[in-house]
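Down below is the structure, laid out as structure tokens.
For clarity, every value in this text was computed on a predicted model and none was experimentally measured. Both ligands and their constituent atoms are indexed starting at 1 by order of listing.
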Amino acid sequence: MEDSLKDRFVGVLLATMVGDAIGMPVEGWDCLRMAEQLDKLRYLPRGEQELATAVLGLVTGGKVEPGQARYSDDTQMAIGIAQALVDDGEIIPEHLARHFAKNFQPWRGYGPGAYGVLDALKQGRPWDEPARQVFGGQGSYGNGAAMRVGPLGAFYWDADVAVIREATRLSSLPTHTHKHGIEGAVVVALAVAGALRQAMAGAEELDVAALLGFVRSGVTDEVYLKKLDQVEDFLAAEPEPCVVAARLGTDLAATLSVPAALFAFLSRWDSLPDCLLYAVSLGGDADTIAAMAGAMAGAFHGAAAIPENWLAALENGPQGRDFAVTLAGQLYARRQGNLGVG
Ligand code: AR6
Ligand code: MG
């Protein structure tokens with residue numbers, strides 16, 4: 001029981017990293033181009049692991065060298081959230097902003113707004129100013145708060161919905177203050193927590209309707225509620241991936257990428273590799289959509305479901321694969337020792 005919860009904490013962070021790393025080389029490809037490339041794999045062995053490796057090879061120029069698959073800002077910021085929770089046992093935005101600034105590596109592919117905010121934080125600006133000032137004072141509605149929130153969803157997996165919402169809101173503030181940026185993060189955090197709850201209750205099959213209901217129970221924004229209805233319709237209708245991509249969106253905006261990640265998980269919950277490949281195949285902001293879907297699938301299945309060869313491909317330097325495993329273990333230990341949550 002304990003071990004299986006720990007494996008799921010690790011799964012959330014590692015599958016975020018894997019999804020991010022396999023999506024990054026094709027970030028910005030449209031769905032049709034993705035379909036054309038993936039079609040080339042039709043004649044390869046059909047086992048999940050072989051297919052997974054083939055896709056990784058395809059997007060990395062035919063070779064999958066151990067340690068060569070790099071992650072991007074998504075994972076780097078998820079690491080910051082995990083570190084802040086390990087340190088404080090809760091989200092204190094000012095401290096979280098410090099973790100983001102300390103970890104900031106400009107070449108990791110940050111969104112333009114987030115790049116400016118983190119640069120300003122690194123230069124010592126007060127934690128709550130730059131994020132409020134971007135985009136003419138509107139704040140960012142990008143998917144940057146959503147893409148990193150997996151570890152928080154794991155940490156608060158059995159907390160009240162209101163507690164998850166508030167912790168998520170606080171975790172968004174250092175970079176994303178627009179309500180759509182924050183609400184997208186709430187959707188991802190709830191999906192991760194809900195998936196983990198079902199797994200820990202012993203579910204072998206995901207109760208998709210219950211998961212959707214759980215997410216809905218914590219969402220107040222009309223735009224997202226409509227998107228959740230659309231996700232539900234698509235689960236019944238199973239349209240072509242490019243129709244899903246066009247209708248749900250695969251954009252940098254949270255409203256136009258979080259629903260696609262949720263759909264990838266809810267329609268492919270039974271296989272973590274399939275879920276990630278499908279998320280990538282939608283195209284657009286593929287790394288982030290796969291990172292978010294990965295957090296959800298990692299919560300349900302645990303790290304043991306990630307193909308060995310994908311893990312081997314991940315970068316493993318400072319803050320790489322092994323670091324992520326250790327950090328997720330610390331997050332788990334902190335959660336187990338932290339009785340005040342929920
Ligand atoms: N008004 C107009 N455009 C906006 C607004 C707004 N209020 N908010 C966001 N955008 P950003 P992120 C658009 O830069 O959310 C990376 O690849 C604008 O075009 O805050 O941290 C990551 O890996 C802006 O540049 O970044 C993610 O995949 C964009 O949304 C992705 O970028 C993203 O917002 C988003 O990262
Ligand atoms: Mg990215």
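- Listed by number with element, the atoms of ligand 1 under 4.0 Å from a non-hydrogen atom of Asp73 are 16 (C), 22 (C), 23 (O).
- Any N or O atom pair closer than 3.5 Å counts here, and Pro112 shares at least one such pair with ligand 1.
- At a 4.0 Å heavy-atom cut-off, ligand 1 touches Phe135 through the side chain alone.
- Nearest-residue assignment for atom 31 (C) of ligand 1 (options Asp287, Asn143, Val134; heavy-atom criterion): Asn143.
- Atoms of ligand 1 lying under 4.0 Å from at least one heavy atom of His176, given by number and element, are 12 (P), 15 (O), 20 (O), 21 (O).
- When the options Met77, Glu27, His180, Arg148 are ranked by their closest heavy atom to atom 17 (O) of ligand 1, first place goes to Glu27.
- Of the listed options Gly284, Ser140, Ala254, Gly113, Ser140 places a heavy atom closest to atom 34 (O) of ligand 1.
- The six-membered or imidazole ring of Tyr115 lies near that of Phe104, with a centre-to-centre distance under 6.0 Å.
- The aromatic rings of Phe135 and Tyr141 sit parallel, their planes meeting at an angle under 30°, below the 60° perpendicular limit.
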Discussion item. Run the side-chain hydrogen bond (donor to acceptor under 3.5 Å, both in side chains) test on Ser257 and Asp285 for me, step by step, so that the C-alpha distance in whole Å, both residues' side-chain angles and the decisive distance to 0.1 Å come before the verdict.
Written reply: CA-CA 8 Å; Ser257 48; Asp285 196 0; 5.3 Å; no
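- Close N/O approach between Gly144 and ligand 1 is found [any backbone or side-chain N/O within under 3.5 Å].
- Considering backbone and side-chain atoms together, Gly139 places an N or O closer than 3.5 Å to an N or O of ligand 1.
- Both Met147 and Leu170 are part of a single hydrophobic cluster, where members link through side-chain heavy atoms under 4.5 Å apart.
- Of all atoms in ligand 1, listed by their number and element, those nearer than 4.0 Å to a heavy atom of Gln138 are 1 (N), 6 (C), 7 (N).
- Counting only heavy atoms from C-beta outward, the side chains of Leu276 and Trp310 approach each other to under 4.5 Å.
- Shown in contact with Asp285 at under 4.0 Å from a heavy atom are these atoms of ligand 1, numbered in order with element: 27 (C), 28 (O), 31 (C).
- Ligand 1 is approached by Gly109 to a heavy-atom distance shorter than 4.0 Å.
- A salt bridge links Asp158 and Arg335; the closest N-O separation between the charged side-chain nitrogens and carboxylate oxygens is under 4.0 Å.
- Note on ligand 1: Gly136 sits outside its first shell, no heavy atom being nearer than 4.0 Å.
- A salt bridge links Glu166 to Arg169: one of the charged nitrogens lies within less than 4.0 Å of a carboxylate oxygen.
- Electrostatic pairing of Arg216 and Asp229 counts as a salt bridge here, judged by a charged N lying under 4.0 Å from a carboxylate O.
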Discussion item. Working note: Val258 + Lys227, criterion side-chain contact (heavy atoms from CB on, under 4.5 Å); need CA distance, chi angles, decisive distance, verdict.
Written reply: CA-CA 9 Å; Val258 169; Lys227 285 284 186 181; over 6 Å; no
